[in-house]
Q: 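Okay, here's the structure, questions in a sec.
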Amino acid sequence: MRRIDALFADYGSSHRARGNLACHAVGITLIVFGVLAMLASLRLGGSWTAAELLVGAAALAYLALDLPLGLATVGGLVLLDLAAHVAGSWRWGLAAFVVGWIFQAIGHAVYEKNSPAFFRNLVHLLVGPAFLVNEALRIHRPSPDAPPVR
């Protein structure tokens with residue numbers, strides 16, 4: 001089993017309910033936007049910020065796992081980074097971050113009735129965005145023994 005199959009199978013085991021996935025689509029997007037907006041206020045030199053440093057590091061991880069899915073996920077990160085720069089405020093970032101985690105908590109408490117996957121493995125904080133991109137675009141086909149989303 002490829003590494004991405006194992007990560008998606010483990011992450012997916014805590015994310016099977018459609019209501020939870022909907023909450024995560026909103027929550028993860030807000031969290032990533034929030035982190036990037038807060039990091040955009042930390043200038044590294046020229047027009048580069050800590051947000052671009054994070055996007056670059058995440059890009060390496062996503063592209064190493066699966067090239068087509070990595071490209072799509074990085075594309076989403078770049079769009080969120082651009083939006084974070086347009087928002088131009090760490091305060092908007094903090095608000096989005098908090099609201100995003102509220103959506104995550106609702107998804108697990110109401111729909112999934114379990115704890116978040118990152119409680120078991122912090123790597124799942126990076127798996128979540130790629131998992132959602134894959135749910136939307138179906139770029140990476142899970143292995144036949146992966147648990148289904150219900």
Side-chain angles (χ1 to χ4, degrees), residues 1-15 19-109 111-112 114-143 146 149:
M1 181 183 285
R2 290 182 4 173
R3 175 87 172 131
I4 190 151
D5 288 326
L7 289 169
F8 277 5
D10 188 38
Y11 187 87
S13 69
S14 295
H15 300 86
N20 189 30
L21 290 175
C23 286
H24 277 54
V26 174
I28 288 174
T29 302
L30 287 171
I31 291 166
V32 172
F33 168 81
V35 168
L36 293 174
M38 289 185 282
L39 291 176
S41 66
L42 300 173
R43 296 266 174 227
L44 299 178
S47 62
W48 295 98
T49 69
E52 288 79 40
L53 183 64
L54 179 63
V55 169
L60 293 175
Y62 290 132
L63 294 171
L65 284 173
D66 186 80
L67 185 61
L69 179 58
L71 289 170
T73 305
V74 171
L77 290 176
V78 168
L79 290 175
L80 287 172
D81 185 41
L82 290 172
H85 282 281
V86 170
S89 168
W90 66 266
R91 288 178 178 89
W92 280 108
L94 180 60
F97 183 82
V98 169
V99 171
W101 280 110
I102 291 169
F103 270 94
Q104 300 284 81
I106 291 169
H108 280 284
Y111 297 104
E112 207 69 56
N114 65 16
S115 60
F118 76 88
F119 284 1
R120 292 189 319 273
N121 185 347
L122 285 177
V123 170
H124 289 306
L125 290 171
L126 282 174
V127 173
F131 185 86
L132 288 177
V133 168
N134 194 58
E135 283 291 307
L137 302 177
R138 292 288 183 200
I139 294 170
H140 175 77
R141 298 289 179 201
S143 66
V149 173

Q: Check side chain to side chain donor-acceptor pair (under 3.5 Å) between E52 and all other residues, then give those that pass, not counting sequence neighbours.
A: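 In terms of side chain to side chain donor-acceptor pair (under 3.5 Å), with neighbours along the sequence ignored, E52 is linked to T49, H85.
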Q: For residues 93-102, please give each side-chain donor-acceptor pair under 3.5 Å, one per line with the distance, not counting sequence neighbours.
A:
none

Q: Please output the side-chain donor-acceptor pairs of residues 32-45 that fall under 3.5 Å, not counting sequence neighbours, one pair per line with the distance.
A:
from: S41; atom 1: OG; to: M38; atom 2: O; distance (Å): 2.7

Q: Taking atom OG of S115 and atom CZ of R120, what is their separation to the nearest 0.5 Å?
A: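 Those atoms lie 6.5 Å apart.
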Q: Using ring pair (Phe, Tyr, Trp, His ring centres under 6.0 Å) as the criterion, list what pairs up with Y11, not counting sequence neighbours.
A: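 Y11: ring pair (Phe, Tyr, Trp, His ring centres under 6.0 Å) contacts with H15, H124, F131.
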Q: What distance separates N20 CG from S14 OG, expressed to the nearest 0.5 Å?
A: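 Here the interatomic distance stands at 9.0 Å.
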Q: Can you measure from CD (Q104) to CZ (F118) and round to the nearest 0.5 angstrom?
A: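 These two atoms lie 8.0 Å from each other.
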Q: Can you list everything that forms a salt bridge (Lys or Arg N to Asp or Glu O under 4.0 Å) with R91? Sequence neighbours excluded, please.
A: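 If we apply the salt bridge (Lys or Arg N to Asp or Glu O under 4.0 Å) test to R91, skipping adjacent residues, there are no hits.
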Q: Under 3.5 Å, sequence neighbours excluded: what are the donor-acceptor pairs made by side chains of residues 55-77?
A:
from: Y62; atom 1: OH; to: L126; atom 2: O; distance (Å): 2.6
from: D66; atom 1: OD1; to: R2; atom 2: NH2; distance (Å): 2.6
from: D66; atom 1: OD2; to: L69; atom 2: N; distance (Å): 3.0
from: T73; atom 1: OG1; to: L69; atom 2: O; distance (Å): 2.9

Q: Report the distance from atom CD1 of I106 to atom OH of Y111, rounding to the nearest 0.5 Å.
A: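 So the gap between those two atoms works out to 8.5 Å.
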Q: Enter the distance from L125:CG to I31:CD1 here, rounded to the nearest 0.5 Å.
A: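 Taking CG in L125 and CD1 in I31, the distance rounds to 8.5 Å.
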Q: Which heavy atom of A51 sits nearest to which heavy atom of D81, and what is that distance?
A: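 That closest heavy-atom pairing would be CB-OD1, 3.4 Å.
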